[in-house]
Amino acid sequence: MQKFGFIGLGIMGSAMAKNLVKAGCSVTIWNRSPEKAEELAALGAERAATPCEVVESCPVTFAMLADPAAAEEVCFGKHGVLEGIGEGRGYVDMSTVDPATSQRIGVAVVAKGGRFLEAPVSGSKKPAEDGTLIILAAGDRNLYDEAMPGFEKMGKKIIHLGDVGKGAEMKLVVNMVMGGMMACFCEGLALGEKAGLATDAILDVIGAGAMANPMFALKGGLIRDRNFAPAFPLKHMQKDLRLAVALGDRVGQPLVASAAANELFKGARAAGFGDEDFSAIFKTIER
Ligand SMILES: NC(=O)C1=CN([C@@H]2O[C@H](COP(=O)(O)OP(=O)(O)OC[C@H]3O[C@@H](n4cnc5c(N)ncnc54)[C@H](OP(=O)(O)O)[C@@H]3O)[C@@H](O)[C@H]2O)C=CC1
Ligand SMILES: O=CC(=O)O
């Protein structure tokens, strides 16, 4: 039986870990808020008391955490990953973070004798539930091969992009595009509604042409129905835009539209919509 650890059981992590358990893997889990581990424990996952305990007891551990601060706390904090990682053990951080955070974690894990891979994912709650994520791995090749049986239960497309940092960069590029698209989409819907056009008619026209895409098809109806239940929390999209804009600074790429989208998402967070779906940017735009 394949054995994996899983740290971080939020919207994404709980669905991903569930797919490992359902596929018959032995999975040891930890989440900061213990109640989120209950459903998985009922399905047969083993609970650990700390991240340290998870990595100590598993050859390969996956993590899916909110942001750079969370990823660092779980790695460097008391009873964290670094206290348990030993010779040859693997740590695969699937959280969306900036390349520098990922590299810091990777260097520390390797210094303790462990192996490190970053593997952020593209695809939201439903693809996580369906095991159809796109996994953007980078780092230790042997660990990539060893983690593959786990990846195959979580994703439909798994790629290795090079050294640690490249997976994070790819993820930030993709999500920056997604955030900008959502902002423009919501402005279009709000403009159309104020001009007296029916939302269904706008969605129908967009869906029939070159701009048709699964995100607009899914989110369009939910925005029309004012359903902003979180699949991808708005606070995480703003974090991704912030990190993408910082990457633009670092490499000297102007990001005029994306910086504006970041400001919109910052405003939506300040308005209290951070825990709603990122499509709740519509509520800030329509006011
Ligand atoms: N939702 C989505 O559609 C997608 C999300 N992502 C990325 O995946 C990651 C997880 O997203 P998602 O599951 O939606 O987010 P959630 O907010 O649902 O879950 C975040 C997880 O991080 C944990 N966490 C936060 N802070 C800390 C901390 N200081 N110490 C320990 N654990 C902490 C939370 O623990 P607790 O339960 O205690 O709060 C929880 O397990 C993010 O980086 C996000 O950007 C990537 C692709 C799609
Ligand atoms: O990060 C979000 C996603 O849908 O991908």
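Both ligands and their constituent atoms are indexed starting at 1 by order of listing.
Each of the atoms 1 (O), 2 (C), 5 (O) of ligand 2 lies under 4.0 Å from some heavy atom of N175. Atoms of ligand 2 lying under 4.0 Å from at least one heavy atom of S124, given by number and element, are 4 (O). Residue-ligand proximity, S122 to ligand 2, at heavy-atom distances under 4.0 Å covers atoms 5 (O).
Neither the backbone nor the side chain of V174 has a heavy atom within less than 4.0 Å of ligand 2. Residue-level proximity to ligand 2 for M237 is absent, since no heavy atom of it falls below 4.0 angstrom. With a 4.0 Å heavy-atom cut-off, ligand 2 is reached by the side chain of K171 but not by its N, CA, C or O.
Taking the six-membered ring where the residue is Trp, the centroids of F62 and F151 are separated by under 6.0 Å.
Put simply, CZ on F232 and CD on E276 are 14.5 Å apart, with the number rounded to the nearest 0.5 Å.
Polar contact with ligand 2: absent for D240 (N/O pair, distance under 3.5 Å). The shortest N or O to N or O distance between G123 and ligand 2 is under 3.5 Å.
Under a 4.0 Å N-O distance rule, the pair E129/K126 does not qualify as a salt bridge. Under 4.0 Å is where a charged nitrogen must lie from a carboxylate oxygen, and between R32 and E73 no such pair does.
T199 and E193 share a side-chain donor-acceptor pair at under 3.5 Å.
At a threshold of 4.5 Å between non-hydrogen side-chain atoms, the residues R250 and P99 count as touching. By the 4.5 Å heavy-atom criterion applied to side chains, K235 and Q238 are not counted as neighbours.
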Would K171 and E118 count as a salt bridge (charged side-chain N to carboxylate O under 4.0 Å, His left out) if you check the C-alpha gap in whole Å, the side-chain angles of each, and the deciding distance to 0.1 Å? CA-CA 11 Å; K171 175 63 186 166; E118 65 179 2; over 6 Å; no

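Geometric assessment of K219 against the ring of F185 yields a negative cation-pi assignment under the 6.0 Å and 45° thresholds.
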Return a table of N or O atom pairs, ligand 1 on one side and protein on the other, at distances under 3.5 Å, rounded to 0.1 Å.
| residue | atom | partner | partner atom | Å |
| --- | --- | --- | --- | --- |
| ligand 1 | 1 (N) | A231 | O | 2.8 |
| ligand 1 | 3 (O) | S124 | OG | 2.5 |
| ligand 1 | 3 (O) | A231 | O | 3.3 |
| ligand 1 | 13 (O) | I11 | N | 3.2 |
| ligand 1 | 13 (O) | M12 | N | 2.8 |
| ligand 1 | 15 (O) | H236 | NE2 | 3.0 |
| ligand 1 | 17 (O) | H236 | NE2 | 3.0 |
| ligand 1 | 18 (O) | I11 | N | 2.9 |
| ligand 1 | 22 (O) | A66 | N | 3.1 |
| ligand 1 | 26 (N) | R32 | NH1 | 3.4 |
| ligand 1 | 29 (N) | R32 | NH1 | 3.4 |
| ligand 1 | 29 (N) | E73 | OE1 | 3.0 |
| ligand 1 | 37 (O) | N31 | ND2 | 2.9 |
| ligand 1 | 37 (O) | K36 | NZ | 2.7 |
| ligand 1 | 38 (O) | R32 | NE | 3.0 |
| ligand 1 | 38 (O) | S33 | N | 3.0 |
| ligand 1 | 38 (O) | S33 | OG | 2.5 |
| ligand 1 | 39 (O) | R32 | NH2 | 2.9 |
| ligand 1 | 41 (O) | L9 | N | 3.2 |
| ligand 1 | 41 (O) | G10 | N | 3.4 |
| ligand 1 | 41 (O) | N31 | OD1 | 2.6 |
| ligand 1 | 43 (O) | L65 | O | 2.9 |
| ligand 1 | 43 (O) | A66 | O | 2.9 |
| ligand 1 | 43 (O) | T96 | N | 3.1 |
| ligand 1 | 43 (O) | K239 | NZ | 3.1 |
| ligand 1 | 45 (O) | K239 | NZ | 2.7 |

